[in-house]
Engineer: 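Dropping the structure in here first, questions after.
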Amino acid sequence: MSRYAYVNGRYLPFRDAKVHVEDRGYQFADGVYEVCQVRGGRLIDERRHIERLQRSLGELRIPLPMSVKALGVVLREVVAKNRVRYGLVYLQISRGVARRDHAFPSPAVTPSVVVTARALNMRRNEALAATGIAVISVPDNRWGRVDIKTIGLLPNVLARQTAIEQGGRDAWFVDKDGVVMEASSANAWIVTAQGALVTRHADHAILRGITRAVVFDAVKGQGLSIEERTFTLQEAFAAREAFITSATQLVLPVVKIDGRIVGDGKPGPVASALRREFYRYAEAG
Ligand code: PDD
């Protein structure tokens, strides 16, 4: 099936979906993005993703070049044109096209907007969640504002590649004190031996995940206790369960960290229940 993308006001077949060589996203990673899950053809937690997009844009002083309502129409149109029932929609906004110069273009140019969508394989994702994944730890070598969802993802790319080359599926960024920050494209969680859910507090050093926020609601809804604090790799080794959360993988159990088995080496009941219950707490629109 042919795919379509939205590029600066036009819906184009993929082969024609191109941005300018002097787009600042391409040259400087001067832009932001969002990834929303699509389920039953509907966008999951669009409102919160768009709120975070606006925050990211604000931090970089890039104006949103269209109304939120119009953006919602574009996201839906791209999902529909690509006939995605279960998958993801990707939105990227860069500062725009200008002669290469590190400083912001003056006068300002219109930001570039690109939207793509693609199907995901539900059976494969469910199979992955049923077995759980192995992660490896890598030093967190990212900049100090990873709360902004920028398209500058080179450390994340390298971390993921290292994980795959070592037989894992994902990497956990760990700081110099052994504190687990987050995964390469997901937030990291553990369930302690006492049964408490722990995930790192969200400041400038991790991304405040939308799935993370929905899981907070689900945890409260199930009467479980939650601790928003730092946890170390050592604590994770001793955890009863571990998992990661993201828009594309939802709640994905982690059964091995740096070659050490977590819990009994199988997805635990807490992560499995949160995955099952997720859509009761998410917004579909
Ligand atoms: N990544 N942390 C990082 C570094 C991320 O890149 C992501 C999402 C998350 C989870 O955020 P959310 O729950 O809002 O998806 C945490 C997306 C899915 C990606 O880059 O593809």
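What you see is a predicted model; the values in this text were computed from it and never measured. Note that ligands are numbered from 1 as they come in the structure, with each ligand's atoms numbered from 1 the same way.
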Engineer: Parallel, tilted or perpendicular: which describes the rings of Phe243 and Trp189, with under 30° parallel and over 60° perpendicular?
Structural biologist: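 Ring orientation of Phe243 relative to Trp189: parallel.
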
Engineer: Please name the pair of heavy atoms, one in Leu250 and one in Tyr279, separated by the smallest distance, quoted to 0.1 Å.
Structural biologist: CD1-OH, 3.3 Å

Engineer: Tell me whether Arg118 forms a cation-pi arrangement with Tyr90, defined as NZ or CZ under 6.0 Å from the six-membered ring centre and within 45 degrees of its axis.
Structural biologist: no

Engineer: Is the side chain of Glu182 donor-acceptor paired with the backbone N or O of Leu207 at a distance under 3.5 Å, no angle test?
Structural biologist: yes

Engineer: Please determine whether residues Val97 and Val109 belong to a single hydrophobic cluster, defined as Ile, Leu, Val, Met, Phe, Trp and Tyr linked transitively by side-chain heavy-atom distances below 4.5 Å.
Structural biologist: no

Engineer: Between Val89 and Tyr6, is there a side-chain heavy-atom distance shorter than 4.5 Å?
Structural biologist: no

Engineer: List, pair by pair, the atoms of ligand 1 and of the protein that are both N or O and lie under 3.5 Å apart, giving the separation rounded to 0.1 Å.
Structural biologist:
| from | atom 1 | to | atom 2 | distance (Å) |
| --- | --- | --- | --- | --- |
| ligand 1 | 1 (N) | Lys149 | NZ | 3.2 |
| ligand 1 | 1 (N) | Ser185 | O | 3.3 |
| ligand 1 | 2 (N) | Glu182 | OE1 | 2.6 |
| ligand 1 | 13 (O) | Ile210 | N | 3.3 |
| ligand 1 | 13 (O) | Thr211 | N | 2.9 |
| ligand 1 | 13 (O) | Thr211 | OG1 | 2.6 |
| ligand 1 | 14 (O) | Arg52 | NH1 | 2.8 |
| ligand 1 | 14 (O) | Arg52 | NH2 | 2.9 |
| ligand 1 | 14 (O) | Ile210 | N | 2.8 |
| ligand 1 | 15 (O) | Ala247 | N | 2.8 |
| ligand 1 | 20 (O) | Tyr33 | OH | 2.6 |

